[in-house]
Each structure stands twice: as C-alpha cells, then as structure tokens.
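Scroll down for the structure; my scribbles are underneath it.
We name chains A, B, ... by the order of the sequence lines, and we start the count at 1 in each one. Values below: every heavy atom of this structure, side chains too, minus hydrogens, waters and symmetry copies.
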2 protein chains.
Amino acid sequence: MKVSTESAKTTQNIASLFLINYLIGKMIPASTLVKLKNIVGQGNFLDSPEDKIAYSYDGTQLISKSPDAVLIPRSTDDISKILTLANEDGFAVVPRGSGSGLSGGAIPVENSVVLLMNHWNKILEIDQQNLTAWVEPGVITATLHSTVESLGLFYPPDPGSSTICTLGGNVAENAGGLRGLKYGVTKNYVMGLEVVLPNGDVMLTGGKSMKDVAGYNLRDVLVGSEGTLGVFTKILVRLMPKPETSKTMLAYFDKLSDSAETVSDIIASRITPAMLEFLDNTTIRCVEDYAHLGLPTSLESILLIEVDGRPSVVAEDADKIIELCKKHNAREVRVASNAKEANKLRAARRSAFAALARVKPTTILEDATVPRSEVAPMLDKIKQITQRHNLTFGNFGHAGDGNLHPTCLTDERDSNEIHRAEKAFEEIYTEAIKLGGTITGEHGTGLAKKKFLEHQTGLAAIEMMRKLKGTLDPNSVLNPGKIFDVKPRCEGPMPKNQDQLKRFLEMGAFT
Amino acid sequence: MKVSTESAKTTQNIASLFLINYLIGKMIPASTLVKLKNIVGQGNFLDSPEDKIAYSYDGTQLISKSPDAVLIPRSTDDISKILTLANEDGFAVVPRGSGSGLSGGAIPVENSVVLLMNHWNKILEIDQQNLTAWVEPGVITATLHSTVESLGLFYPPDPGSSTICTLGGNVAENAGGLRGLKYGVTKNYVMGLEVVLPNGDVMLTGGKSMKDVAGYNLRDVLVGSEGTLGVFTKILVRLMPKPETSKTMLAYFDKLSDSAETVSDIIASRITPAMLEFLDNTTIRCVEDYAHLGLPTSLESILLIEVDGRPSVVAEDADKIIELCKKHNAREVRVASNAKEANKLRAARRSAFAALARVKPTTILEDATVPRSEVAPMLDKIKQITQRHNLTFGNFGHAGDGNLHPTCLTDERDSNEIHRAEKAFEEIYTEAIKLGGTITGEHGTGLAKKKFLEHQTGLAAIEMMRKLKGTLDPNSVLNPGKIFDVKPRCEGPMPKNQDQLKRFLEMGAFT
C-alpha cells in the first residue's frame, strides 16, 4: 500500500522533497558510522550510494527510503554490539532477509542502518528423531523444503515467494502460503528461537519439547513481530513426515459462483485439501498470456486443488472432489498423472503474481482475508468497489482459508488512479473487517497498513502493542514505525538543521 | 510442588504461623469489600469462613491460602469494574475456573479476592461453516467435546481432567493432554479471545480468519499466561472434522526398555498416533488395585496406543503398530473391537492419577517434559534419583510427545520425606533441562515451579516476562506472584501492623 507521505512524490517536485528529507531528517553521525564499521569490519560495512539505493526498498510498491549504511553482521555478538550501540548513540536498526516482503517491513526508516541477514544461510541440524531443524535466518524457504524432503521429511509453510524468501523473514512476518488450509502457517512450525533483543541481550526461547508451558509464551509474540522486537539468529522448526503421495487438479468454471460453491462443498464434506486456490478471469487471462499453459481465457474462475497423504485417502478424496466440481458445473477437471504434470498445473497459480505484474507498471498486491464462509460475499464486494472506482483488479488467492489477494494493476505516475486505488483498498479493508476478517492475512502490517490497524483491532489492542514495544525497546531502536507509529526518539529541542530548513524556506527554495 | 514457606507448617506451631500471617499480611479493608459487594450484588459475594476455605486451594498439593472474599461476576462489565477498583484500592484478583490446576494458578494470594468464572458455562455458537465455536470460559472441556462430536465435529485438546476442568482454565494454562502428539495443545485451537485486561479495558483479539497477521500476536501470549495478564470472558476455538474412526490398543511389556524402543520405532516409521501413552510398573499395580481391569501386575510397562482417521489408514496403522509391538517383545497386544472396549482400555491410563492418589495421603504429580528422543534416558534418570532419595514414585504420561508425569506418593506430615521429595524433583527438573526439556509440559509454572523457571529460560527471558507483566499490570492486581515473583505493591513505609508484630515478638509470643 501507498502511504500518504509518499503520495507527495507524484505531485511535488521530487528533488525538493529529497532536499527537505535531507535537511529535516536525522542522519547517523560519522563518528557512529565509524564505530559500526569497527564492529562488523570494513568488508561488511556498505555505504556507497549504490548500496544505499539497493537496500532502500523491498517488495512493497511505492515506498522507499535510503538507509545511512548497510551492515553484514557475522556473529550474534556483532548484532548484540550493534543494538547496544543503537541504544547508546540513538539510531535505528532495520533487519532484512531477501527483501521480498509486501508490507514494507524491511524498508529503512530515518536515521537507520539495514542489518542484512541473508548471509546467515546454513541449515545447522536436522534431527530425524525429534523431527526438527535448526536453521539460520537467511536460509531460503525452498532450500529447506528440498533438503528435508530428500530425507522423507516435510516443512509445510509455503509462501508464494518460497524460492527467494528467507526463513527469518517468514518468521518475522508469520508467513502463510498455499498450504495454510491444511497445515497452518509459519507460527505453527516455530519451536524455538535464538534472538537478540532490542537492548542487545541474547535470549533463547522454546526448544525441542513438543509441550512446554514454562513462563509466558514469548516465542509466539516474537513470531510475526515484523523485526520490531528482536533479531532472529537461529530458528528451530518442527518438521513432519513427508506425505506419501499427492494429487493435483485444476478445475475450470464458467461461473465464479459455481467455483465458490464447490469450495464450500469441499469443506462441508470434511475434506481438507493441502491446497485450494483460485484465480479469477483477469488473472487467468494474464497467466495465459504470460505462461501459455493452454488455459481457456473465457473462464470466470479456475480452482487449483491438491490433496496429499496416504495413497488410499488421496485417491478417495480426489474422486470425491472431482465429483463435487462436476456437480457444480465445472467445464473440465484436469488431473495431473505425474509430478511433472502437477508442477505444470501448479504453475497456473504460482505464476499469478508475476503474470499480473507484467500488465501495468505498478502492481499493488494485497491480502485482505475473511472467514472462509465469507469468501464469495467478499469477492462480490471487491468487484463492486473496483468497478465503482474504475480500476483494473486481478483476484486470486487461498480460497480454502479465506486469504484473498486482490491485486491492483496501475501506474504510480497516474496520481489520480493511485488515489482511487487507495480509496478502493480502504473500502476493501473495511468490508473485510465487517465480515469478521482482517486487513492482512499473511503479508504483515508494516508501513503499508498501519493506518488501518486500529480500525480492526480496536484501541485497547493497539495500546497493548505499543506498551509491549515500549517496554522491550524503550529507545525505539529496532525497526521503529512499523506496525504502528512510535513516539519520536528525541522529544527535546528541535535538531539544528531545522534552522537551516527555515532559512531555505525563507529563501523561497521550494516555491 | 511444595514451596519453602509452606514447609514451615509441619515443623512450626501452626497457630503461631496463622497469627503471623494475620499480623503481617495485608488484608482488603472493609470499605473496599463493600464496594465489591455493590459491584457484583449481595448474592454473588461470598465471605463466610466456609467459602474462604473452599476457595483457598486448587488441585496443587501442599499450598493453600484463604482469599478475603469470593466474587461471582455476572457480566464482563462487572469484571472490568472489579479490576478498575483493584487498581484504585490496591488489592489482587485471582481468576478461578474449576480449580483443578496442578501448579497453584488459582490459589489466592495475600490481599486478594477470588474471581469465580465457572458459572460462565454457555456454548454461545457453533459455526459449522467455519468450524469454530464461541464458548464462555466456564464450559467444561468434556461438555464441549460431546457437544461438537454430536455434530460430527471435534475439539482435540484433551487434558486428563477434561470431565471437570474448564476451557478458561485450559486457555490460561495452555493445557495439553493425551492427544498432544498428533493434535497439539490448547494454544493450537484458540482463534480469538474476549479478555478483560488488568486495567479493566476490554479487548477482543483474533477472530474467525484462519490467517491473520495484523499487529502483534497478543492472543498467543494471553494463552498460557496463567491468569496474570487478563480474564477471559469469551473464547473462540477452532474445531476439526471428527475422525471417522479410531482403534485403541493396550500393549503389555515385561521390560520398560522394550516399550521405549517400540515408541521410538512407531515415530520412526512415520506413524502419528492420536495417543501414545505409557504406565510403569508402580502405576500398573495401583491401577489394577483400584480399577480391577485384569492388568498383569508383573509388567514393567504398558502402552496405550490409539490411531484415528480414515478407516483404511486406521487399519493399516494399527496393523503396523501391532507388528512393531511384537517385534519388541510385547507379551500381548489387546485391541478394542468396539467403543465400549476402547473405553475400558483407555481406563487403564485415565485412572492412573486417581489410582496413585489412593496409595498415600499426599500425591505430588509433576510434568517434567523432554524431547521425545530423550524419554528413555529421562526415565532412567528419574529411577536413579528416586531410588537414591528412597522415595516411592509412579511414572506415567504421554510417551509420544515426551511429556512425563513422575508422581511422588508421600505424606505431607512426614517432613523428612517431603524434604527428600523436594530434592528429588529439583534434580528431575535439572535433568529435564539438561536433556533439552522443560520443567513443565502442560501444568504451568504457577506458584509450584516459579523458583525453577529462570534455570530453564535464562535471565533475559525472565526479565522480558517481568517487563511484559509490569507494563500491562503496573499495580500487580491480576494473580500476582504466579510464574515469577513481582515486586511488592507497596514499597513505602512498613505497614502499621508490623509494629504490632514487633511487640508480639518482644513479648515472646512465638517462642
């Protein structure tokens, strides 16, 4: 989502804006940068203009901000020292994995350094007796998938970006994905964390015991804290036995309502597919144009359905699902007969985002989520809202668990359309909340949705979150301003360069 | 667990101790009690000596303390007012369900009222589309089980006390139970909470969306917070389709090591039973003496194994398990052929606690838990420790998830044996921690185990917990002193009655 401070970009003189930012924005003093360089070592300290630009944005559209430096810590002790210094010298630390996040969690803030964790990419241990793995936070999710699968094990969380995203990022955002309906989300698989707290303390929470109720459940509040409460240095995940087999199907529907009824009927018949995904007509057309999979572009909806488990159950479930699809007028149900075909069918869904992103210069992908009974009403509302605002939207997502991805195809240079898109998303969130849903199912709140958070959670919850942040990070050094606004660190006299700004204004520099 | 302040009881003059407590203990002034009576109404305010005694203890051995009054709130607003008054007038509130807890979570503290929640016993909604239920916190767990099962649904968490414990208590303690291995614990089924916070604010957190990452995950830190961070007034739980069928087996072993190897082999063969429970010889003998189930009392170990799910899978898994039991020298494997027989087999395990509790006047049931690979080494250690201290222990528990119940059969009047039992449990916790386990798998920390918590979690985690408590409950009004010590509420001058105590001491009243 676009935030209001950024909308100025398209309407004001960008050069002037940079100048204002430079003048009023606090920056880390050179003496502190030298201390940071001494902590991580010369080769792990980046501050060239190119580096700063490379780490000024993440997967979120329309928002960016340069850090004052980029640090590559090589040990937990480095991170502890950096956070200790942040409290002493007063700067912010923004942890970053692959930077594929979609809510602005890894975007630098004023007066900040980026803490780059994607070099921490070792799988430290796979414990086949306890079915656990210790990993470093920079391990790519798909690498963990393939590594444990080669041992007959299974790590279920499967975000759409699994080939590029890191496990540290997954834990920070409590990432969801395609297998959420049956297997849950990242939170359900995190058993332990080694974490550097905002004050530099190193804490280990959780462990290999399947049951543990000693003290407060700190682990689960760190999961999904979006880099604001701690920097993960080791992650212990729970594994499962790999499902013995699976069956992948693609069902074609001429009418969206038929596909929605099929989804309801599958759930009502007590089948829990591993995947139950949908694409709408706009998305189908874009995917076909992009990937040439032979999808009929006249379809209103396609469902990707996968069942997994023991062979006898998979066969039973697949037969029942095909029957339900046909009952609800599916034009065709394609069933993969081997792994290669299954991958081809999955590609229809996996390529949705990439395919939509080609159509227009700016692609705003959101994740309004509703209780699964409300998927059809929510899709109706999205249609009404986007038509009223004269916008092009593709819709796809996780139909089985209510996690939709309404996606606006737009152009950030068209400020009028961007403004209409902002209005539309605001209305979409309001409808999701009305239907008992959430503004974000799996992407996080970050910068992009913080202005909508209170509307969903209410003031008491926001106050509790603020208190939690305030008490664990009193100087707001760790990823401040994400999820909700924090009080500025310095509430004392105006910084000196405000005078300079005042002089510039008197000189008419920005008129 | 016995706590040190209580051991005085058996060695000192009890009357004197009560006098000291009365003199130094702060009590709620009459004027505040009148205000409380006005909030809840005359009929919902109990302060007779009998009532105070009835609510002075819970399921935990050796610890008790009278409250100053017992309140039966009839609305969320009542609870909010009580907590607001607690902050104004300075007293503590101790929430209570059925009082079946085993770590002292519901035991009153100095200067406190008990908040009785077991009257809140309505199932408010069962949503068959979204597979959720809204319940009040006083609903008995087994009542929810039978109600949803009659609709073809399933609420998996299954604490041993399910026929008497409440869901509010389950959520407060993050209760585990017999189905933890396959289905997880209470935490995994709590989707939403209406909660009155320590300051009297009412907060709703979570909802029916299967994915929701908006803001911090407050819900999961409230779960398992042992009544110290909020009073639950409504609970939204996730349900599942009821497993189509199940098969229950009881396997008899002459050697404990054979049963341990069977457990390892079942897990290694990627079968996940719904229950995988064990009893040792002491427990078997007590159960047989109590329930007359025809168990051979010479056995070193019995495994209760249950598999559930689709008929084809259940049959396959049961056959494989029987084969594994026989491979590891099981003397016999009894397989239930119907529900009635299954209940009879389960009774061997379900009656373990009751059977052990008959043997000696005092039964201290603990829940040291280890990663499941460490169950056999842990049982060895428990045997060595209890023999060295010349104690009678029965061992049973959840072999499949490493959650053991070493149970000391003793007599609280024998202070020497109680002292040895305390030493033994301390050593058992130390061994559990050494093996990567926890001091409590499912009972909570409460009063009983708070002195061991830091040894497990480390100082950084305890400090984080204290900060969390301190910031959400700055006046320590909600169940203070559970999990960890809190700073006393009044750090000002000594209360007046200290002078009185000093005078009594000078008079030689306690010599």
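With a 4.5 Å cut-off on side-chain heavy atoms, A:Leu453 and A:Ile439 count as touching. Between B:Pro311 and B:Glu244 the shortest side-chain heavy-atom distance falls below 4.5 Å. Considering only heavy atoms from C-beta on, B:Lys182 stays 4.5 Å or farther from B:Pro273 through its side chain. At a threshold of 4.5 Å between non-hydrogen side-chain atoms, the residues A:Ile483 and A:Thr228 count as touching.
When B:Met203, B:Lys242, B:Arg310 are compared by the number of non-hydrogen pairs under 4.5 Å with chain A, B:Arg310 comes out ahead. Of all the listed residues (B:Gly309, B:Ser312, B:Ser264), the one sharing the greatest number of non-hydrogen pairs under 4.5 Å with chain A is B:Ser312. Among B:Val195, B:Thr445, B:Leu459, the residue with the largest count of heavy-atom pairs under 4.5 Å with chain A is B:Thr445. Listed options A:Leu229, A:Asn199, A:Val202, A:Asp212 were ranked by heavy-atom pairs under 4.5 angstrom with chain B; first place goes to A:Asp212. Of the listed residues (A:Lys482, A:Lys187, A:Glu463, A:Glu173), the greatest number of heavy-atom pairs within a distance under 4.5 Å of chain B belongs to A:Lys187. For the set A:Lys469, A:Gln128, A:Met240, the count of heavy-atom pairs under 4.5 angstrom toward chain B peaks at A:Lys469. Chain B forms the most heavy-atom pairs under 4.5 Å with one residue out of A:Pro241, A:Gly441, A:Ala460, A:Gly470, and that residue is A:Gly441. Counting heavy-atom pairs closer than 4.5 Å to chain B, the top-ranked of the candidates A:Arg372, A:Glu374, A:Gln129, A:Glu226 is A:Arg372. For the set B:Gly206, B:Gly444, B:Gly215, B:Gly400, the count of heavy-atom pairs under 4.5 angstrom toward chain A peaks at B:Gly215. Most heavy-atom pairs under 4.5 Å with chain B: of the set A:Ser209, A:Ala175, A:Gly402, this distinction falls to A:Ser209. Taking B:Thr272, B:Leu218, B:Val221 one by one and counting their heavy-atom pairs under 4.5 Å with chain A, the maximum is reached by B:Leu218.
Note: B:Tyr189 and B:Phe154 fail the aromatic proximity criterion, with ring centroids not under 6.0 Å apart.
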Full working for side chain to side chain donor-acceptor pair (under 3.5 Å) between B:Asp220 and A:Tyr216: CA-CA 9 Å; B:Asp220 282 3; A:Tyr216 293 150; over 6 Å; no
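The contact between B:Leu204 and chain A is made entirely by backbone atoms, counting heavy-atom distances below 4.5 Å. Both the backbone and the side chain of B:Ala214 come within contact range of chain A, judged by heavy atoms closer than 4.5 Å. Heavy-atom distances place both the backbone and the side chain of B:Glu442 under 4.5 Å from chain A. Looking at B:Leu153, only its side chain comes within 4.5 Å of chain A, counting heavy atoms on both sides. Proximity to chain A involves both the backbone and the side chain of B:Leu181, based on heavy atoms less than 4.5 angstrom apart. Using a 4.5 Å cut-off between heavy atoms, A:Ala461 contacts chain B through both its backbone and its side chain. Both the backbone and the side chain of B:Val313 have a heavy atom closer than 4.5 Å to some heavy atom of chain A. Both the backbone and the side chain of B:Arg270 come within less than 4.5 Å of a heavy atom of chain A.
Ring pair B:His405/B:His398 is perpendicular by interplanar angle, where above 60° counts as perpendicular and below 30° as parallel.
Looking at A:Asn403 and A:Asp401, their side chains never bring a donor and an acceptor atom within 3.5 Å of each other. With 3.5 Å as the limit, one finds no donor-acceptor pair spanning the side chains of B:Gln456 and B:Tyr429. No hydrogens or angles considered: nothing links the side chains of A:Asn174 and A:Thr186 as a donor-acceptor pair under 3.5 Å. A donor-acceptor contact closer than 3.5 angstrom links the side chains of B:Asp367 and B:Thr440.
Rounding to the nearest 0.5 angstrom, the gap separating the NZ atom in A:Lys467 from the CG atom in B:Leu472 is 6.0 Å.
Scanning residues 431-438 of chain B against chain A with a 4.5 Å heavy-atom cutoff picks out B:Gly436, B:Gly437, B:Thr438, ordered by number.
A salt bridge links A:Lys208 with A:Asp127: at least one charged nitrogen is closer than 4.0 Å to a carboxylate oxygen. Between A:Arg179 and A:Asp308 there is no salt bridge, since none of the side-chain N atoms of the basic residue sits less than 4.0 Å from a carboxylate O of the acidic one.
Annotation for B:Asn130 and A:Ser373: closest pair ND2-OG, 2.8 Å, computed over non-hydrogen atoms.
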